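The shown structure was predicted, so the numbers you read here are calculated from the model rather than taken from an experiment.
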Amino acid sequence: MAEIVDRVTADDEGGRIARTLLFPYLNHAANMYGVGYATAADIDAGMRFGCGYPIGPLALIDALGAKTVVDGLNEQFATTGDPLHRPDAALVEAADQGLSFTGGDEAGADVPQVKRPVSSVGVVGTGTMASGIAQVFAQAGYQVVYVGRSQEKLDGVLGYVTKNLDRAVAKGKLDADAKETILGRLTGATEREALADVDLVVEAIAEDLDIKLELFRDLDRICKPGAILATTTSSLSIKACADATSRPADVIGMHFFNPAPVMKLVEVVTTDATDADVDETVRALCLATGKHPVSCGDRAGFIVNALLFPYLNDAIKLQESGAASMEQIDTAMKETKLPMGPFELLDVVGNDVSLAIQETLVGEFGHEGWQPAESLKQVVAEGRLGRKTGAGFHTY
Ligand code: CAA
């Protein structure tokens, strides 16, 4: 912790880069807490378990001292005039009154219980997220039915899980029998009707509302009464998905992070209509699969993407301004103990995905300062989408 504080406050190039990028992010986290969107514990857990950060933003403000962050933001605001750099009311209050953000609301939280028994899980989709989610449930002992549009795509899911399990076997973390047992829990299907008897469906198909709505109408037709219907959308409305069914009380958001088998976070997103038992069961299931659930409302970006992507976008804009190179920025941020530099992470997430999320956030919040960086649009237009295409901001 002391090391991180030292890096962020250092009077050198790396320190300046870290402050330029982290202070607006901390400001946004203070605002998210101040307006009551999520608890301090959940905001901090979000960034720790969703992005591998060593410390959550509110704990970092406490460690740095809210006054240090307010002073830094005032300096930034004097140069940029960007309203996003004006210290948020919650931050100013903490600085003025010597308040701490952390340590308050974690105690006394009840451990969630499974209210609707779940033994079998359906996963719809065959991409990276769907494959990872199928692995998570199979590894935790659930029977998993995964649904894709072709045998080839189903083979891809099995290939992804097999590769990950083989890696675990090679490292001595899993034995060969356990690997076979886990793979034996996975059943592929090209027909959605195979989901008729599952207790929970998690969909991770294309991030396109019309496509999701068509799926939810179909799940409503196919799934048994009482089944929980979850979407892992990162930016679309859970309520819209719920309203496509005749059972909105059973619909919930379960937003996993990439790579799903590794990142411990699941954002559990409820709407006004979500049944309390569904919410509690899903949070209990997260714990049963080794994940850490955080609760948040049905708003684009939820906790993590709303905090993460504007920071990533700011990193690109800093590079565009000529103030620092990609390498300097990636290095400076890793020196603050983030697991990846922003350009490295953009390439992992996929620049097309990042651009879409950033556009959604601008749509939701309307901040001019969050407009997607020009070079983000450019790499996407050139098909440099990141690791998945062999090149993005970096070349692989
Ligand atoms: N699938 C499965 N397992 C993987 C994996 C993958 N793609 N990549 C790495 N792993 C496993 C490794 O096997 C290893 O497992 P063990 O510890 O059991 O051996 C473990 O993860 C650590 O991997 P490495 O030692 O190879 O690498 P690392 O220490 O650099 O960690 C990382 C890799 C966990 C991905 C780490 O770099 C990290 O936390 N990065 C940040 C990722 C992040 O921020 N994700 C959020 C993106 S935003 C998002 O997902 C939301 C959205 O809506 C777009």
Side-chain angles (χ1 to χ4, degrees), residues 1-11 15-109 265 267 292 294-297 299 301-312 314-315 332-333 336-338 361 364-367 369-370:
M1 170 95 86
E3 208 183 330
I4 299 172
V5 170
D6 284 350
R7 277 317 307 155
V8 176
T9 51
D11 188 20
R16 273 187 288 279
I17 292 171
R19 288 191 292 282
T20 304
L21 296 180
L22 286 181
F23 282 2
Y25 149 77
L26 298 179
N27 202 31
H28 185 203
N31 173 266
M32 194 178 259
Y33 169 77
V35 301
Y37 177 67
T39 65
D42 280 355
I43 292 171
D44 277 359
M47 296 313 288
R48 286 172 48 231
F49 297 121
C51 305
Y53 281 26
I55 181 172
L58 300 174
L60 182 55
I61 295 174
D62 285 348
L64 289 164
K67 186 168 183 322
T68 304
V69 182
V70 167
D71 291 348
L73 282 163
N74 276 328
E75 222 175 281
Q76 221 165 320
F77 179 64
T79 324
T80 64
D82 184 338
L84 291 164
H85 298 159
R86 189 185 288 131
D88 184 78
L91 192 56
V92 173
E93 191 187 339
D96 288 350
Q97 301 181 24
L99 303 175
S100 132
F101 285 102
T102 46
D105 55 7
E106 215 157 1
L265 187 73
E267 288 174 318
H292 184 106
V294 295
S295 297
C296 53
R299 183 176 90 175
F302 311 134
I303 298 172
V304 174
N305 284 357
L307 292 174
L308 177 66
F309 285 86
Y311 145 78
L312 297 175
D314 278 354
M333 299 319 294
T336 71
K337 304 295 175 203
L338 301 194
L361 291 174
E364 175 86 38
F365 294 90
H367 299 315
W370 282 1

Report the C-alpha distance between Leu60 and Met1 in whole Å, list the side-chain angles of each, state the deciding distance to 0.1 Å, and finish with yes or no for side chain to side chain contact (heavy atoms under 4.5 Å, CB included). CA-CA 9 Å; Leu60 182 55; Met1 170 95 86; 5.6 Å; no

Verdict with supporting geometry, Glu3 and Lys337, salt bridge (Lys or Arg N to Asp or Glu O under 4.0 Å): CA-CA 9 Å; Glu3 208 183 330; Lys337 304 295 175 203; 3.1 Å; yes

Residue pair Lys67, Asp71: steps toward the salt bridge (Lys or Arg N to Asp or Glu O under 4.0 Å) verdict: CA-CA 6 Å; Lys67 186 168 183 322; Asp71 291 348; 2.8 Å; yes

Full working for side chain to side chain contact (heavy atoms under 4.5 Å, CB included) between Met47 and Ile55: CA-CA 8 Å; Met47 296 313 288; Ile55 181 172; over 6 Å; no

Can you list the steps and then say if His28 with Phe23 is a side chain to side chain contact (heavy atoms under 4.5 Å, CB included)? CA-CA 9 Å; His28 185 203; Phe23 282 2; over 6 Å; no

Before you tell me yes or no, could you show the steps for Phe302 and Val294 under side chain to side chain contact (heavy atoms under 4.5 Å, CB included), namely the whole-Å CA-CA distance, both residues' side-chain angles and the distance that decides it to 0.1 Å? CA-CA 10 Å; Phe302 311 134; Val294 295; over 6 Å; no

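Between the Glu267 side chain and the Cys296 main chain, no donor and acceptor come within less than 3.5 Å of each other. Using modelled atom types, one side-chain atom of Asp62 and one backbone atom of Thr102 make a donor-acceptor pair closer than 3.5 Å. Counting only distance, with no hydrogens or angles, the side chain of Arg7 and the backbone of Ala2 share no donor-acceptor pair below 3.5 Å. Of the possible donor and acceptor atoms, none in the side chain of Asp88 sits under 3.5 Å from a partner among the backbone N and O of Asn27. Looking at Tyr311, its side chain never comes within 3.5 Å of a backbone N or O of Leu21 through a donor-acceptor pair. Distance alone, capped at 3.5 Å, places no donor-acceptor pair between the Asp82 side chain and the Gly369 backbone.
Across all their heavy atoms, Ala30 and Ala90 have their closest contact at O-CB, 3.6 Å. Among all heavy-atom pairs drawn from Pro57 and Ile43, the shortest one is CG-CG2, 3.9 Å. The shortest non-hydrogen separation linking Ala59 to Asp44 is N-OD2, 3.0 Å. The two residues Ala18 and Val8 have their closest heavy-atom pair at CB-CA, 4.4 Å. Shortest non-hydrogen contact noted between Trp370 and Ala306 is CH2-O, 4.1 Å. Of all heavy-atom pairs spanning Gly46 and Leu265, the tightest one is O-CD2, 3.5 Å.
With Thr80 as the fixed residue, the side chain to side chain contact (heavy atoms under 4.5 Å, CB included) test singles out one of His85, Arg86, Glu75: His85. For the side chain to side chain contact (heavy atoms under 4.5 Å, CB included) test with Leu26, the passing option among Leu73, Leu64, Asn31, Leu91 is Leu64; the others fail.
Taking CG of Asn305 as the start and SG of Cys51 as the end, the distance is 7.5 Å to the nearest 0.5 Å. Rounding to the nearest 0.5 Å places CD1 of Ile61 at 11.0 Å from OH of Tyr33.
Side-chain contact check for Thr39 versus Ser295: every heavy-atom pair is 4.5 Å or farther apart. By the 4.5 Å heavy-atom criterion applied to side chains, Asp96 and Glu93 are not counted as neighbours. Contact of the Gln76 side chain with the Pro24 side chain is registered, since non-hydrogen atoms from C-beta on lie closer than 4.5 Å. By the 4.5 Å heavy-atom criterion applied to side chains, Leu308 and Tyr25 are not counted as neighbours.
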